[in-house]
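Have a look at the structure below before the remarks.
Worth saying up front: this structure is predicted, and the values here are computed from it rather than measured. Indexing begins at 1, ligand by ligand and atom by atom, following the structure's order.
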Amino acid sequence: MTQAATERRAVGVVRILIEARAIQTRIAELARELDDHYGSDIPLMVGVLNGAVTFMTDLMRAMTIPVVIDFMAVSSYGASTRTSGVVRILKDLSEDVEGRRVLVVEDIVDSGLTLQYLLDVLRRRNPAEIRVVALLKKEKGEAADVQVDQVGFAIPDEFVIGYGLDYAGQYRNLPYVAVLDPSVIDDVEV
Ligand code: 5GP
């Protein structure tokens, strides 16, 4: 990539929190644990759109066991950086989860409300097992007591972007996780 292209992608980024290489190293570790966990079973990986797409595609390619994938979309913050507490299913699964070993793949757990809601929905469909892997989990006291079996990185309670995570629809294609310049947040109407 040219210097200009790199700078264009990074406009608004204050600080890189997790470098691209560190993400891939950690994903390889998570994938090995998942390979061991499922053995000869084929998990149904459920990616939570849109943020988990990047993590999901890297994670499934780092795993060596066969997997089936599907996606769900739920409403989250819109163009704001705070949770509304309101969660809505925008796109449901195509696969039936009954009797299957389901692996929910999340980009980030912040308050935990989105994940809690999603897990409630999935549990009512009688899967054989639900496991949750999240790339990022914010370290905060008031977070919901929600099931997360594997965490890639515990991060401080800051608004982050990159590696699938957006602000107002942008920055998802950054290969690293970074903190967004607050002046950019102020500039965008929410
Ligand atoms: P929660 O319900 O756990 O508060 O938030 C879950 C969803 O909010 C995540 O799946 C993600 O879409 C969004 N979210 C939470 N924290 C952040 C953040 O720091 N940056 C971005 N870009 N999205 C976040």
Exercise for review: Please work out which of F159, Y163, Y171 has its closest non-hydrogen atom nearest to atom 18 (C) of ligand 1.
Suggested key: F159

Check your understanding: What do you reckon, does D110 have a nitrogen or oxygen under 3.5 Å from a nitrogen or oxygen of ligand 1?
Key -> yes

Point to revise | K138 and E158 ion-paired at < 4.0 Å | key: no

Exercise for review: Pick whichever of L136, V179, V109, T114 has a heavy atom sitting closest to atom 7 (C) of ligand 1.
Suggested key: T114

Review point. For ligand 1, which atoms have a heavy atom of K138 less than 4.0 angstrom away?
Key: 16 (N), 17 (C), 18 (C), 19 (O)

Review point. Can you list the atoms of ligand 1 that are under 4.0 Å from a heavy atom of E158?
Key: 19 (O)

**Study point:** Proximal atoms of ligand 1 relative to D166 (non-hydrogen, under 4.0 Å)
**Key:** 21 (C), 22 (N)

Review point. Does D120 come within less than 4.0 Å of R125, counting only side-chain N to carboxylate O?
Key: no

Point to revise | Any N or O of G112 closer than 3.5 Å to N or O of ligand 1 | key: yes

Check your understanding: Mind checking whether I161 has an N or O less than 3.5 Å away from an N or O of ligand 1?
Key -> no

Revision key, fill the gap. Taken in chain and number order and not counting sequence neighbours, the residues that satisfy salt bridge (Lys or Arg N to Asp or Glu O under 4.0 Å) with D41 are R101

Study note, to complete from the structure: Counting from 1 in the order shown, the ligand 1 atoms closer than 4.0 Å to a non-hydrogen atom of E106 are 10 (O)

Practice item. Check each of L180, D107, L113 against atom 10 (O) of ligand 1 and report the one with the nearest heavy atom. Key: D107

Point to revise | Point-to-point distance, once rounded to the nearest 0.5 Å, from CE of M45 to CE of M63 | key: 5.0 Å

Check your understanding: Is there a donor-acceptor contact under 3.5 Å linking the side chains of H37 and E129?
Key -> yes

Check your understanding: Do any pairs count as a salt bridge (Lys or Arg N to Asp or Glu O under 4.0 Å) and have a residue in residues 49-64, sequence neighbours left out, and if so which ones?
Key -> D58-R61

Exercise for review: Provide the number and element of each atom of ligand 1 under 4.0 Å from a heavy atom of S111.
Suggested key: 1 (P), 2 (O), 3 (O), 4 (O)

Review point. What are the two closest non-hydrogen atoms of V109 and G112, and how far apart are they?
Key: CG1-CA, 3.7 Å

Check your understanding: Are side-chain N/O atoms of Q147 and R131 paired as donor and acceptor at under 3.5 Å?
Key -> no

Point to revise | Contact check, V160 vs ligand 1, heavy-atom distance below 4.0 Å | key: yes

